[in-house]
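Here's the structure, in structure tokens; my notes come after.
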Amino acid sequence: MNDDQHAAAMRFIFEAGVLKRAARTGWWFAGVKHPETIAEHSHRTALIGMILAAMEGADPARVTMLCVLHDTQETRTTDIPHIAKRYLTAAPNTAITADQIADCPPAVTDTITAAVTEYEAGETLEAVVARDADKLECLVQAVEYRHQGIDNVQRWIDSSRAALNTTSAHHLADAALTGQPLAWLTPPPQPAG
């Protein structure tokens, strides 16, 4: 590895930082004035992915990596809302990723390229679980927004739920829809005795 490759890897790391400031713009249509960022979405997607992987017998580490990388291309395209996709054609995520990691150390390039390619193909169990994690996170966020008084989120719940493939994701979606986002604040009852 040379200094140019290290610099290229650092450019990708800096670029990924944009996701901490970039909003998930589709929520504006629901009336959310300050929606979550892409990084916030990706963080919980990775957590959900790890949990789903354990439940479905997939590799939790691999699923988590796919989830972390699934929206990194949005530093260059932004979060294009679903309605906008009717009118715009974005470059494939694999092509964007190739540009983002050009000149990185070969091991970095190979690792990231393989993960993004796997996620986009959606054929392995890990990719299916990672995609479910992405959709489930959107559903969970919609439930949270609804509990915060944003009542125009049903379309996000319905479309996210319809896109789920694994049994575990369906069970977690049911739990999200019947649960309370702040229930974790109440300690569980202590056993008598």
Side-chain angles (χ1 to χ4, degrees), residues 19-20 22-74 78-86 93 115 118-191:
L19 300 173
K20 293 168 42 173
R24 301 245 309 150
T25 58
W27 293 118
W28 288 332
F29 296 107
V32 179
K33 290 182 183 180
H34 303 289
E36 65 175 337
T37 67
I38 297 165
E40 290 166 332
H41 162 71
S42 294
H43 174 266
R44 188 159 58 182
T45 298
L47 181 63
I48 292 169
M50 179 188 61
I51 291 167
L52 280 176
M55 296 169 81
E56 288 291 322
D59 178 352
R62 184 73 181 171
V63 171
T64 301
M65 181 169 60
L66 298 181
C67 291
V68 166
L69 294 168
H70 87 282
D71 278 343
T72 52
Q73 306 78 17
E74 292 181 6
T78 70
D79 177 44
I80 302 170
H82 184 71
I83 188 84
K85 291 179 182 181
R86 289 186 197 171
N93 283 342
E118 180 180 353
Y119 180 85
E120 292 300 320
E123 295 172 356
T124 65
L125 176 59
E126 285 71 20
V128 170
V129 169
R131 287 170 170 268
D132 271 6
D134 177 38
K135 297 304 181 186
L136 187 56
E137 200 289 325
C138 186
L139 182 146
V140 169
Q141 186 63 65
V143 168
E144 289 174 335
Y145 283 146
R146 185 170 60 195
H147 280 271
Q148 294 168 12
I150 306 293
D151 61 359
N152 192 18
V153 296
Q154 193 62 45
R155 70 178 53 244
W156 282 265
I157 291 170
D158 293 343
S159 65
S160 296
R161 191 170 197 179
L164 298 176
N165 289 295
T166 63
T167 300
S168 298
H170 283 284
H171 288 305
L172 289 177
D174 291 342
L177 292 168
T178 59
Q180 295 291 320
L182 295 179
W184 61 271
L185 287 171
T186 304
Q190 296 299 316

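Being a predicted model, the structure only gives us computed values, none of them experimental.
Between the side chain of Ser160 and the backbone N or O of Ile157, no donor-acceptor pair lies under 3.5 Å. No side-chain donor-acceptor contact under 3.5 Å links Thr78 to the backbone of Glu74. Formation of a donor-acceptor pair under 3.5 Å by the Arg62 side chain with backbone atoms of Ala53 is not found in this model. Side-chain atoms of Glu126 never come within 3.5 Å of backbone atoms of Ala58 as a donor-acceptor pair (strictly under, hydrogens ignored).
Taken to the nearest 0.5 Å, the CG atom of Leu52 stands 10.0 Å off from the CG atom of Leu47. Summarising the geometry, atom CG belonging to Asp79 is positioned 12.0 Å from atom CD belonging to Gln73; distances are rounded to the nearest 0.5 Å. Taking CG of Leu125 as the start and OG1 of Thr166 as the end, the distance is 8.5 Å to the nearest 0.5 Å. Rounded to the nearest 0.5 angstrom, Ile80 CD1 and Thr25 OG1 are separated by 8.5 Å. From Leu139, atom CG reaches atom CG of Asp132 across 11.0 Å, with rounding to the nearest 0.5 Å. The distance from the CG atom of Asp134 to the OG atom of Ser42 is 8.0 Å, given to the nearest 0.5 Å.
Checking His170 against Asn165 by side-chain atom types alone, no donor-acceptor pair falls below 3.5 Å. For the residue pair Glu137/His41, the side-chain donor-acceptor check at 3.5 Å is satisfied. Using modelled atom types, one finds a donor on one side chain and an acceptor on the other under 3.5 Å when comparing Gln154 with Arg146.
Considering every non-hydrogen atom in both Ala121 and Arg131, the closest pair reads N-NH2, 4.4 Å. Looking at every heavy atom in both residues, Asn152 comes nearest to Phe29 through ND2-O, 3.8 Å. The shortest non-hydrogen separation linking Ala173 to Leu164 is CB-CD1, 3.7 Å. Considering all non-hydrogen atoms of both residues, Tyr145 and Pro35 come closest at OH-CA, 3.3 Å. Heavy-atom minimum distance, Leu66 versus Ala115: CD2-O, 3.1 Å. Across Met55 and Ser168, no two heavy atoms sit closer than the pair CB-OG, 3.3 Å.
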Between Leu185 and Leu182, is a side chain to side chain contact (heavy atoms under 4.5 Å, CB included) present by the stated rule, with each step listed? CA-CA 6 Å; Leu185 287 171; Leu182 295 179; 4.0 Å; yes
Side chain to side chain contact (heavy atoms under 4.5 Å, CB included) evaluation trace for Arg24 with Thr37: CA-CA 5 Å; Arg24 301 245 309 150; Thr37 67; 6.0 Å; no
Under the side chain to side chain contact (heavy atoms under 4.5 Å, CB included) rule, what do Glu40 and Gln141 come out as? Steps first, then yes or no, please. CA-CA 11 Å; Glu40 290 166 332; Gln141 186 63 65; over 6 Å; no
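Heavy atoms from other residues, nucleotides or ligands lying under 6.0 Å from NE2 of His82 number 12 at most.
Ring geometry for His70 against Tyr119 counts as tilted: the plane angle lies between 30° and 60°, on a 0 to 90° scale.
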